[in-house]
Amino acid sequence: MKAEKTRTLILEIIAIVFALIVLSPFILVVINSAKTSADIVISPISLPENWGQMITNMKNVINNESFNYWKSFFSSLFITVVSLGLLTLFSSMTAWVLVRNKTKWSNTIFMLFVAAMVIPFQVVMLPLLSTFRETSSFLGIQLLQSYKGLIFAYLGFGGSMSVFILHGFIKGVPYELEEAAWIDGCSPEGTFFRIIFPLLKPIQVTVLILNGIWIWNDYLLPSMMLGLNGEIKTLPVAVSSFVGSYVKQWDLILSAAFLAMIPIVILFIFAQKQIMQGMVEGAIK
């Protein structure tokens with residue numbers, strides 16, 4: 001009994017240490033957002049002397065014209081919401097078709113989705129920009145420095161993981177439910193939207209949160225697609241406005257980063273139960 005308690009205590013200590021390591025970047029952002037730029041440079045890991053400085057820094061960030069917090073916030077919100085809605089819909093439809101149509105082509109297509117998950121983004125950065133630029137000039141559609149181009153890119157890069165997760169969940173949905181719907185005269189489209197789509201809610205929450213965290217916090221893809229000085233800026237891209245060649249406003253940079261993190265942290269706290277439930281159910285089924 002004593003040995004079991006000792007083992008439990010050791011595991012708890014290890015878990016706490018790992019939690020502190022994982023949370024250390026977030027903790028550093030929080031404590032440094034309550035300091036002046038000089039204090040951050042002198043002692044970045046010490047606790048702030050005046051926590052009220054955090055409110056002052058946040059006001060300076062929100063009122064900064066070059067940052068334009070509210071415009072960047074709503075741009076990030078629009079891109080994230082639209083991308084997640086389209087990702088959830090198209091990925092669910094794709095996974096359902098691949099599961100129910102058991103052919104060599106469906107297996108091949110699914111394996112291509114799986115293979116796409118391991119391709120580093122850095123490999124396709126330049127081909128992506130070249131393709132979008134040529135497509136824009138050929139079709140007369142503005143894909144670069146526009147919402148639709150960035151959302152289309154997120155559909156491509158987020159679809160592989162979403163299909164993979166949904167595919168495992170749909171395999172556990174009884175096929176008899178669809179057969180009963182077809183006997184009652186339901187079309188394939190009606191079967192999907194009336195029977196299958198509502199059953200995917202637990203795993204869809206997982207897909208939404210995982211992709212939402214990535215899209216909201218992404219810097220590299222928006223900076224390439226929208227440009228650092230374009231009219232459309234997401235919050236991570238807008239933070240770069242405080243970074244100059246010779247001067248870096250660390251108090252405003254970290255305060256802006258903290259403001260950008262708050263919505264997604266709140267969302268994760270309230271939805272973490274659904275995330276774990278969806279991942280477990282998808283793995284079991």
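For this chain, numbers begin at 1 and follow the sequence in order.
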Measuring from [X]:[atom1] to [Y]:[atom2], what's the distance to the nearest 0.5 Å?
| X | Y | atom1 | atom2 | answer |
| --- | --- | --- | --- | --- |
| Ile253 | Ser240 | CD1 | OG | 9.0 Å |
| Gln204 | Ser92 | CD | OG | 4.0 Å |
| Ile165 | Met117 | CD1 | CE | 7.0 Å |
| Thr234 | Phe78 | OG1 | CZ | 14.0 Å |
| Leu84 | Leu208 | CG | CG | 5.5 Å |
| Ile151 | Thr80 | CD1 | OG1 | 9.0 Å |

Return yes when atom [atom1] of [X] has more than 12 non-hydrogen atoms of other residues, nucleotides or ligands closer than 6.0 Å, and no otherwise.
| X | atom1 | answer |
| --- | --- | --- |
| Phe197 | CZ | yes |
| Lys59 | NZ | no |
| Ile21 | CD1 | yes |
| Gln122 | CD | yes |
| Ile45 | CD1 | no |

Determine whether a donor-acceptor pair (N or O, by modelled atom type, separation under 3.5 Å) exists between the side chain of [X] and the backbone of [Y].
| X | Y | value |
| --- | --- | --- |
| Asp218 | Trp214 | no |
| Asn50 | Gly52 | yes |
| Lys35 | Ser43 | yes |
| Ser106 | Asn101 | yes |
| Gln142 | Leu144 | yes |
| Asn57 | Leu252 | no |
| Ser33 | Val30 | yes |

Worksheet item: Just one of Asn211, Thr88, Ile203 clears the side chain to side chain contact (heavy atoms under 4.5 Å, CB included) bar with Ser162, so which one?
Response: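 Result: among Asn211, Thr88, Ile203, Asn211 is the only option passing the side chain to side chain contact (heavy atoms under 4.5 Å, CB included) with Ser162.
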Worksheet item: Looking at Ile232 and Ser75, what are the two nearest heavy atoms and their distance?
Response: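 Smallest interatomic distance, heavy atoms only, reads CG2-OG, 4.3 Å.
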Discussion item. For a ring pair (Phe, Tyr, Trp, His ring centres under 6.0 Å) check, start with the C-alpha distance between Phe113 and Phe164, then their side-chain angles and the critical distance, and finish with the verdict.
Written reply: CA-CA 7 Å; Phe113 275 107; Phe164 176 76; over 10 Å; no
Worksheet entry | side-chain hydrogen bond (donor to acceptor under 3.5 Å, both in side chains) between Trp182 and Thr191, worked out | CA-CA 7 Å; Trp182 293 339; Thr191 301; 2.9 Å; yes
Item to complete: Please answer: with hydrophobic residues joined when any side-chain heavy atoms are less than 4.5 Å apart, are Tyr175 and Leu166 in the same cluster?
Response: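 No, Tyr175 and Leu166 fall in different hydrophobic clusters.
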For residues [X] and [Y], determine if any side-chain heavy atom of one lies less than 4.5 Å from a side-chain heavy atom of the other.
| X | Y | result |
| --- | --- | --- |
| Ile62 | Trp70 | yes |
| Tyr147 | Met225 | no |
| Ile31 | Trp51 | yes |
| Leu98 | Asn107 | no |

Discussion item. Before you tell me yes or no, could you show the steps for Phe193 and Leu89 under side chain to side chain contact (heavy atoms under 4.5 Å, CB included), namely the whole-Å CA-CA distance, both residues' side-chain angles and the distance that decides it to 0.1 Å?
Written reply: CA-CA 10 Å; Phe193 286 107; Leu89 176 61; 3.7 Å; yes
Item to complete: Classify the ring geometry between His167 and Phe110 as parallel (under 30°), tilted (30 to 60°) or perpendicular (over 60°).
Response: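 Correct class here is parallel.
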Discussion item. Students often mix this up, so state it plainly: with edges at 30° and 60°, are the rings of Phe73 and Trp216 parallel, tilted or perpendicular?
Written reply: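 Plane angle over 60°, so perpendicular.
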